[in-house]
Novice: 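Sending over a structure as structure tokens; questions will come in a sec.
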Amino acid sequence: MAAGSARVPVIAGNWKMHKTQAETREFFAAFLPLVAGAKHCEIVVAPPFTALAAAVEAARDSAVMIGAQDLYWEPQGAFTGEVSAGMLVESGCRAVIVGHSERREHFGETDDIVARKTRATLDAGLRPIVCVGETLREREEGKMEEVLERQFHGAFGALTAQAFSPILVAYEPVWAIGTGRTATPQLAAEAHGFLRSLAASRFGHEAAARLRILYGGSVKPANIRGLMAMEEIDGALVGGASLEAMSFAELVNYREG
Ligand code: PEP
């Protein structure tokens, strides 16, 4: 992100189905001292549900925000296996990843489900990190903008500008997630610019200028600086490289290199 922009960068880690409670405590013991001086960005870590309490406890006296990787939109009821926004609030979570491409692909999440989950996250006072992004096939067929537009309006179409304002959008081209194949900073910035234009037409220019858009897809210490140098890129959502304290701290400390 260019110097002088008012948007505070966010570096967020998505642990997916990795780490026990003991491994979570071990991670934070190593990670927190490495990022204690990082004041330039917000830091989010999203462990699996079973390690949330351990993460909240371990990060208690730090600036690290703990997030969940998913939620269910109903407050309670006969929904075996699901976890509500209220339960996440009680466990000390402050953010939730919504609509990750793995949930869309493996668990059949539709744009309507993403919209419901986004609404439930907002209603609970949690910060949604809503993921959008095209598959390789869609990109090759020239459908990137069409897909992003459908996902953007599907998730946010029913919101007011005020309700939309806490949302972080993560642009995660599916072809770049866990593949080692990162979008170039230019490609990512182009997609971010398009998403910002969608936000401007739906919620107005001010809301669009404030919107923070994270890039996700094989972000590593070796490529973060190039990405973060782009005015349009306001942070990163990181899978693999967030699992190691050293590499995630290097990402958080991208300004020092
Ligand atoms: C992700 O899980 O959102 C992600 C971007 O994964 P990775 O960094 O491993 O590509």
Side-chain angles (χ1 to χ4, degrees), residues 9-19 23-24 27 31 41-49 51-52 55 64-71 93 95-107 109 113-114 117-118 121 127-136 138-139 144 147-148 151-152 155 167-185 187-192 195 212-228 230 232-254:
V10 181
I11 306 293
N14 171 18
W15 284 359
K16 311 191 186 193
M17 201 169 71
H18 293 286
K19 290 200 195 291
E23 288 165 344
T24 298
F27 173 91
F31 177 68
C41 67
E42 293 174 12
I43 307 168
V44 182
V45 174
F49 288 132
L52 281 177
V64 178
M65 194 186 299
I66 302 303
Q69 298 172 19
D70 189 27
L71 84 171
C93 272
V96 186
I97 297 170
V98 178
H100 191 280
S101 64
E102 286 155 15
R103 296 224 47 95
R104 294 180 191 258
E105 187 186 340
H106 304 309
F107 303 99
E109 287 202 1
I113 289 174
V114 174
K117 291 186 172 185
T118 302
T121 303
R127 187 183 286 287
I129 303 173
V130 181
C131 303
V132 296
E134 80 287 358
T135 62
L136 183 59
E138 288 163 341
R139 175 166 279 267
M144 189 260 291
V147 170
L148 294 184
Q151 293 176 337
F152 187 95
I167 290 174
L168 302 176
V169 172
Y171 170 60
E172 299 210 308
V174 179
W175 46 272
I177 297 180
T179 58
R181 196 177 157 183
T182 325
T184 61
L187 276 187
E190 215 174 275
H192 286 214
L195 286 164
R212 289 180 288 176
I213 307 176
L214 319 188
Y215 167 76
S218 299
V219 176
K220 305 273 183 274
N223 58 30
I224 183 116
R225 285 181 195 89
L227 290 160
M228 293 305 291
M230 306 303 282
E232 272 298 347
I233 300 182
D234 304 312
L237 178 55
V238 185
S242 71
L243 291 169
E244 288 289 329
M246 283 284 280
S247 65
F248 194 47
E250 262 197 76
L251 295 179
V252 168
N253 295 324
Y254 68 90

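Each ligand, and each atom within it, is numbered from 1 in the order the structure gives.
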Novice: Counting distance only, does the side-chain N/O of Y171 pair as donor-acceptor with the main-chain N or O of P173 below 3.5 Å?
Specialist: no
Novice: Quick one: does A241 get a heavy atom under 4.0 Å from ligand 1?
Specialist: no
Novice: Would you check, one step at a time, whether the test side-chain hydrogen bond (donor to acceptor under 3.5 Å, both in side chains) holds for H100 with E172?
Specialist: CA-CA 8 Å; H100 191 280; E172 299 210 308; 3.3 Å; yes
Novice: Quick one: look at C131 and ligand 1, take heavy-atom pairs under 4.0 Å, and tell me if it's side chain, backbone, both or neither.
Specialist: neither
Novice: Starting from atom 9 (O) of ligand 1, which protein heavy atom do you reach first, and at what distance in Å?
Specialist: G240 N, 2.9 Å
Novice: Is there a heavy atom of K220 sitting under 4.0 angstrom from any atom of ligand 1?
Specialist: no
Novice: Which residue and atom name correspond to the protein heavy atom nearest atom 3 (O) of ligand 1, and how close is it?
Specialist: E172 OE2, 2.7 Å
Novice: E134 and W175: side-chain donor and acceptor closer than 3.5 Å?
Specialist: yes
Novice: Could you check atom 10 (O) of ligand 1 against the protein and tell me its nearest heavy-atom contact, residue, atom and distance included?
Specialist: G178 N, 2.6 Å
Novice: Checking a contact table here: which protein heavy atom is nearest atom 8 (O) of ligand 1, and how many Å away?
Specialist: G239 N, 2.8 Å
Novice: Please list the nearest protein heavy atom to atom 1 (C) of ligand 1 with its residue and the distance rounded to 0.1 Å.
Specialist: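 Here the closest protein heavy atom is H100 NE2, 3.2 Å.
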Novice: Which of the atoms of ligand 1 are close to L237, meaning less than 4.0 Å from one of its heavy atoms?
Specialist: 3 (O), 5 (C)
Novice: Should the proximity of N14 to ligand 1, defined as any heavy atom under 4.0 Å, be assigned to the side chain, the backbone, both, or neither?
Specialist: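 The answer is the side chain.
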Novice: So if I count the atoms of ligand 1 from 1 in the order they appear, which ones are less than 4.0 Å from some heavy atom of G217?
Specialist: 5 (C), 10 (O)
Novice: Can you list the atoms of ligand 1 that are under 4.0 Å from a heavy atom of S218?
Specialist: 7 (P), 8 (O), 10 (O)
Novice: Please state which protein non-hydrogen atom is closest to atom 2 (O) of ligand 1 and give its distance, to 0.1 Å?
Specialist: K16 CE, 2.6 Å
Novice: Within a strict 4.5 Å, meaning less than it, do heavy atoms of the I129 and V98 side chains meet?
Specialist: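 A side-chain contact is absent here, since even the closest heavy-atom pair is not under 4.5 Å.
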Novice: Under 4.5 Å between any side-chain heavy atoms of P9 and D234, yes or no?
Specialist: no
Novice: Output the list of atoms in ligand 1 that are nearer than 4.0 Å to some heavy atom of A176, sorted by atom number.
Specialist: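 That gives atoms 10 (O) of ligand 1.
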Novice: Identify whether the distance between the nearest side-chain nitrogen and carboxylate oxygen of E250 and K220 falls below 4.0 Å.
Specialist: no
Novice: Check ligand 1 against G216 and write out every atom of the ligand that is under 4.0 Å from a heavy-atom position of the residue.
Specialist: 5 (C)
Novice: Any donor-acceptor pair under 3.5 Å linking the side chain of R104 with the backbone of G99?
Specialist: yes
Novice: With side chain to side chain contact (heavy atoms under 4.5 Å, CB included) as the criterion, how do F152 and V132 come out once you've worked through the C-alpha distance, each side chain's angles and the decisive distance to 0.1 Å?
Specialist: CA-CA 7 Å; F152 187 95; V132 296; 5.5 Å; no
Novice: With the side chain counted from C-beta on, respond yes when L251 and S242 share a heavy-atom pair under 4.5 Å apart, and no when they do not.
Specialist: no
Novice: Does some side-chain heavy atom of V174 sit less than 4.5 Å from a side-chain heavy atom of L136?
Specialist: no
